[in-house]
S.K.: 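Pasting in a structure now, in structure tokens, and then I'll have a few things to ask.
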Amino acid sequence: MKHPLRNVLLLVCATVAMAAFLQAGSYLSGPAQAPVRADVILVLDGDNGDRIAMASRLYHQGYAPYIMLAGLENGSELTRSEYLNQRVQFLLDENVPESAVILGAGAGSTWEEAVNALALLKLRGWSWVVVVSDPPHMRRLHWVWSKVFAGSDREFVLVQSAPEWWNSMRWWANGRSGPFVLMEYIKLLYYRATY
């Protein structure tokens with residue numbers, strides 16, 4: 001017991017580190033909001049079906065008259081149309097009329113998706129967009145979209161999909177959410193340094 005203060009500090013540091021670890025998922029999904037009436041629902045790329053399913057639900061609940069599909073991220077032009085066609089077909093199968101589906105421009109990053117969405121809102125004279133993505137993506141989306149939309153008279157709302165694999169309090173216990181959370185923290189650091 002020569003260093004009781006050091007032991008207390010180590011215990012405090014370990015407790016803080018454990019709390020941060022346990023809350024990492026909740027922190028990332030924290031900026032998610034309830035949907036609001038908007039001009040368009042934007043489904044971000046990187047979807048395995050959860051995002052498009054949420055967009056279909058929001059459309060049928062009357063939150064917006066259009067659904068825009070963000071372009072294939074980092075994808076080959078050879079496969080882009082097939083990928084977009086699969087998502088369009090899902091919406092058609094869900095009784096979303098083809099006239100309500102907008103194909104977005106290709107984007108290489110979340111930043112470009114936000115820039116493209118803002119350009120579309122301005123072009124069409126729209127004010128509001130509901131942005132749909134997965135829960136761990138919300139923190140970075142909020143940071144990026146706040147920067148891109150700053151000074152514009154356009155608004156966005158971030159709505160998270162409802163994937164079965166997501167549990168913000170046990171994010172590390174799932175083979176899908178664990179890597180997603182870790183990559184989001186890396187991407188957050190990258191975005192803050194780059195943009």
Side-chain angles (χ1 to χ4, degrees), residues 13-36 38 40-58 67-76 79-80 83-84 86-87 90 104-118 129-150 154-195:
C13 288
T15 302
V16 168
M18 180 57 80
F21 177 83
L22 293 174
Q23 293 298 314
S26 295
Y27 174 75
L28 289 178
S29 62
Q33 301 160 292
V36 299
V40 64
I41 298 163
L42 172 63
V43 184
L44 294 187
D45 194 27
D47 187 17
N48 69 349
D50 295 315
R51 298 174 187 183
I52 197 89
M54 177 59 73
S56 176
R57 254 179 273 154
L58 294 173
I67 296 175
M68 184 171 104
L69 304 175
L72 183 60
E73 199 171 296
N74 298 325
S76 164
T79 58
R80 181 173 187 267
Y83 173 75
L84 289 172
Q86 289 174 358
R87 297 188 334 167
F90 174 85
S109 67
T110 299
W111 186 275
E112 287 179 22
E113 287 175 328
V115 168
N116 291 346
L118 181 59
V129 58
V130 171
V131 183
V132 178
S133 192
D134 297 323
H137 197 197
M138 293 291 121
R139 180 68 55 185
R140 184 161 52 99
L141 283 179
H142 185 265
W143 188 85
V144 168
W145 285 68
S146 294
K147 291 259 186 208
V148 171
F149 275 55
R154 305 309 197 266
E155 301 289 336
F156 66 91
V157 172
L158 303 176
V159 175
Q160 62 188 5
S161 63
E164 291 179 9
W165 51 264
W166 180 248
N167 180 339
S168 65
M169 299 307 292
R170 292 187 44 81
W171 61 268
W172 67 90
N174 181 294
R176 174 129 191 215
S177 61
F180 199 145
V181 166
L182 296 175
M183 282 306 299
E184 277 304 308
Y185 277 99
I186 292 168
K187 289 177 180 180
L188 264 172
L189 292 172
Y190 170 78
Y191 270 72
R192 288 180 184 265
T194 305
Y195 296 104

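Computation of the quantities below employed the complete heavy-atom set of this structure, encompassing side-chain atoms and omitting hydrogens, waters and symmetry-equivalent molecules. Everything quoted here is computed from the prediction, not taken from an experiment.
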S.K.: Any chance you could measure R192, atom CZ, to W143, atom CH2, to the nearest 0.5 Å?
M.R.: 6.5 Å

S.K.: By ring-ring contact (aromatic ring centres under 6.0 Å, His included), which residues pair with Y191, not counting sequence neighbours?
M.R.: Y195

S.K.: Set out, in order, the CA-CA distance, both residues' side-chain angles and the distance that settles side-chain contact (heavy atoms from CB on, under 4.5 Å) for W172 and V181, then state yes or no.
M.R.: CA-CA 8 Å; W172 67 90; V181 166; over 6 Å; no

S.K.: For the residue pair D45 and R87, establish whether any side-chain heavy-atom pair is separated by less than 4.5 Å.
M.R.: yes

S.K.: Rounded at 0.5 Å granularity, tell me how far OG1 in T110 sits from NE2 in H137.
M.R.: 3.5 Å

S.K.: Find out whether V129 and M68 are in side-chain contact, i.e. whether some heavy atom of one side chain is under 4.5 Å from a heavy atom of the other.
M.R.: no

S.K.: How many angstroms lie between NE2 in H142 and OG in S29, if you round to the nearest 0.5 Å?
M.R.: 13.0 Å

S.K.: Verify, without hydrogens or angle tests, whether D134 (side chain) and P136 (backbone) share a donor-acceptor contact under 3.5 angstrom.
M.R.: no

S.K.: List the steps, then state whether side-chain contact (heavy atoms from CB on, under 4.5 Å) holds for V159 with I41.
M.R.: CA-CA 10 Å; V159 175; I41 298 163; over 6 Å; no

S.K.: Testing the basics here: between R57 and A162, what is the closest heavy-atom pair and its distance to 0.1 Å?
M.R.: NH1-CB, 4.4 Å

S.K.: side-chain contact (heavy atoms from CB on, under 4.5 Å), that's the test. Do I67 and V43 meet it? Break it down for me.
M.R.: CA-CA 7 Å; I67 296 175; V43 184; 3.8 Å; yes

S.K.: When rounded to the nearest 0.5 angstrom, what is the spacing between CE in M138 and OG in S168?
M.R.: 13.0 Å

S.K.: In chain order, what residues pass the ring-ring contact (aromatic ring centres under 6.0 Å, His included) check against F149, with sequence neighbours excluded?
M.R.: W145, F156

S.K.: Out of curiosity, W171 CH2 to Y27 OH, how far, rounded to the nearest 0.5 Å?
M.R.: 14.0 Å

S.K.: Of all residues at least two apart in sequence or in a different chain, which pass the salt bridge (charged side-chain N to carboxylate O under 4.0 Å, His left out) check with R140?
M.R.: E184

S.K.: With P163, which residues qualify under side chain to side chain contact (heavy atoms under 4.5 Å, CB included), at least two apart?
M.R.: D50, P135, S161, W165, W166

S.K.: Please answer whether the main-chain N or O of I52 pairs with a side-chain N or O of S56 as donor and acceptor at a distance below 3.5 Å.
M.R.: no

S.K.: Identify, with sequence neighbours excluded, every residue that meets side chain to side chain contact (heavy atoms under 4.5 Å, CB included) alongside Q33.
M.R.: V157, L158

S.K.: For the residue pair L28 and L188, establish whether any side-chain heavy-atom pair is separated by less than 4.5 Å.
M.R.: yes

